[in-house]
Amino acid sequence: MRVLVVEDEECLADMIAAELRRAAIVVDIAHDGRAALAGLRLGGYDVLVLDGELPAPHADALRRYVVAERLPTRVLLLTAAGPDDRAADPAPAADDWLAKPFAPEELLARVVPLGRPARRAEPQIIERAGVTVDTARGLAARDGRPLALSRTEFGVLEVLLRAQGAVVSGDELIEEVWEEHTRYGGNAVRVTLGALRAKLGDPPVIEAAPGGGYRMTDGAGAEGAGTEGPGAGGEPEPGARRASV
């Protein structure tokens with residue numbers, strides 16, 4: 001799940017992001033409407049956590065943009081307004097409301113259901129070659145052995161499992177797993193995959209595919225699985241775009 005938090009109070013934005021990241025949710029932050037619009041134009045957000053008192057461009061302009069562009073993004077509006085004020089709000093309706101101040105666990109309880117509908121057709125438990133990921137609980141295992149994975153390792157494994165043997169490029173992994181506003185080294189994908197392979201153990205189930213990218217195998221032994229990068233399977237260096245391991 002990818003969430004855009006739009007909040008001009010930096011401390012509150014950081015608190016919201018930290019709470020969501022603890023639940024293995026990818027979070028980007030915008031402190032004003034212009035940055036938020038730029039992020040929404042890139043697309044890919046499941047949920048928009050939006051400060052209702054945002055300075056110009058105002059929160060209602062962002063809500064109208066989501067509707068006008070028919071984005072699949074659901075909107076959680078953070079507001080101090082009462083029910084009467086909400087009824088008089090001329091902007092498109094938010095998908096949910098949360099009154100300030102709020103407890104961090106209440107925020108998480110609102111965001112998670114909003115992010116699920118866009119992915120409701122996807123199974124919560126994915127399995128291939130004895131590797132299992134429970135996306136609802138954030139758990140991973142191989143042949144019943146629990147795996148202690150970082151957020152990025154878990155995200156990469158989930159994307160590869162969902163692909164069901166199809167090739168996933170390094171840039172696709174970055175788009176799905178890493179965050180928008182943090183920097184990363186060009187070898188971030190390879191480093192994460194190396195750590196993930198080590199934790200999965202033998203026989204290897206992730207291989208660098210001929211012509212570029214990575215895929216999950218059936219576990220019978222992946223060719224080239226012990227090496228990574230442009231020299232192994234031709235995976236090009238991902239563009240210098242996003243995130244850190």
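Only heavy atoms go into these numbers, but all of them, side chains included; no hydrogens, no water, no symmetry mates.
- A salt bridge is absent between Asp96 and Arg74: the closest approach of a Lys/Arg side-chain nitrogen to an acidic carboxylate oxygen does not fall below 4.0 angstrom.
- Within 6.0 Å of atom CZ in Arg34, 12 or fewer heavy atoms from other residues, nucleotides or ligands are found, so the atom counts as exposed in its surroundings.
- Not one N or O on the side chain of Asn187 forms a donor-acceptor pair closer than 3.5 Å with the backbone of Arg190.
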Might you work through the side-chain contact (heavy atoms from CB on, under 4.5 Å) test for Gln164 and Met216, ending with a clear yes or no? CA-CA 7 Å; Gln164 289 296 307; Met216 292 285 296; over 6 Å; no
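- In the hydrophobic cluster analysis, where Ile, Leu, Val, Met, Phe, Trp and Tyr join through side-chain heavy atoms closer than 4.5 angstrom, Ile25 is grouped together with Phe102.
- Comment: Arg63 does not engage Asp60 in a salt bridge, judged by the lack of any side-chain N to carboxylate O separation of less than 4.0 angstrom.
- With a 6.0 Å cutoff to the six-membered ring centre and a 45° limit on the axis angle, Arg41 counts as a cation-pi contact of Tyr65.
- Taking all atoms of both residues into account, the shortest heavy-atom contact from Val168 to Ala163 is CG2-CB, 3.6 Å.
- Under the 3.5 Å distance criterion, the side-chain polar atoms of His31 are matched with a main-chain donor or acceptor of Glu7.
- Closest approach of Pro203 to Arg142, counting heavy atoms only: O-NH2, 2.7 Å.
- The hydrophobic clustering, which links ILVMFWY residues whose side-chain heavy atoms are closer than 4.5 Å, places Val156 and Ile206 together.
- Heavy atoms only, all atoms of each residue included: Val66 and Thr73 are closest at CG1-O, 3.6 Å.
- Closest heavy-atom contact between Glu153 and Ala195: OE2-CB, 3.3 Å.
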Test log, rule side-chain contact (heavy atoms from CB on, under 4.5 Å), inputs Glu127 and Val133: CA-CA 7 Å; Glu127 191 276 336; Val133 162; over 6 Å; no
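- No donor-acceptor pair under 3.5 Å is formed between the side chain of Arg151 and the backbone N or O of Ala23.
- A donor-acceptor pair under 3.5 Å is formed between the side chain of Glu172 and the backbone N or O of Ser169.
- Ionic pairing of Glu69 and Arg64 is not present here: no N-O contact between side-chain nitrogen and carboxylate oxygen is shorter than 4.0 angstrom.
- Residues Val111 and Val3 approach most closely at CG1-CG2, 4.0 Å, considering heavy atoms.
- The main-chain N or O of Leu76 is never found under 3.5 Å from a side-chain atom of Arg110 such that the two would form a donor-acceptor pair.
- Only one option out of Leu157, Val26, Val177 pairs with Thr152 in a side chain to side chain contact (heavy atoms under 4.5 Å, CB included); it is Val177.
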Please determine whether side-chain contact (heavy atoms from CB on, under 4.5 Å) holds for the pair Leu98 and Glu106, giving the CA-CA distance in whole Å, both sets of side-chain angles, and the decisive distance to 0.1 Å. CA-CA 9 Å; Leu98 185 58; Glu106 185 178 4; 3.3 Å; yes
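- Proximity of a side-chain donor or acceptor of Arg21 to a complementary backbone N or O of Val27 within less than 3.5 Å is detected.
- Side-chain heavy atoms closer than 4.5 Å link hydrophobic residues (I, L, V, M, F, W, Y) into clusters, and following such links, even through other members, never connects Val167 to Leu196.
- The shortest heavy-atom contact between Ala36 and Ala30 is N-CB, 3.6 Å.
- The distance from the CG atom of Asp95 to the CG atom of Leu50 is 11.5 Å, given to the nearest 0.5 Å.
- Remark: Leu173 CG to Leu193 CG distance equals 6.5 Å, nearest 0.5 Å.
- The backbone N or O of Ala148 sits less than 3.5 Å from a side-chain atom of Lys199, completing a donor-acceptor pair.
- Counting only distance, with no hydrogens or angles, the side chain of Asp46 and the backbone of Arg2 share a donor-acceptor pair below 3.5 Å.
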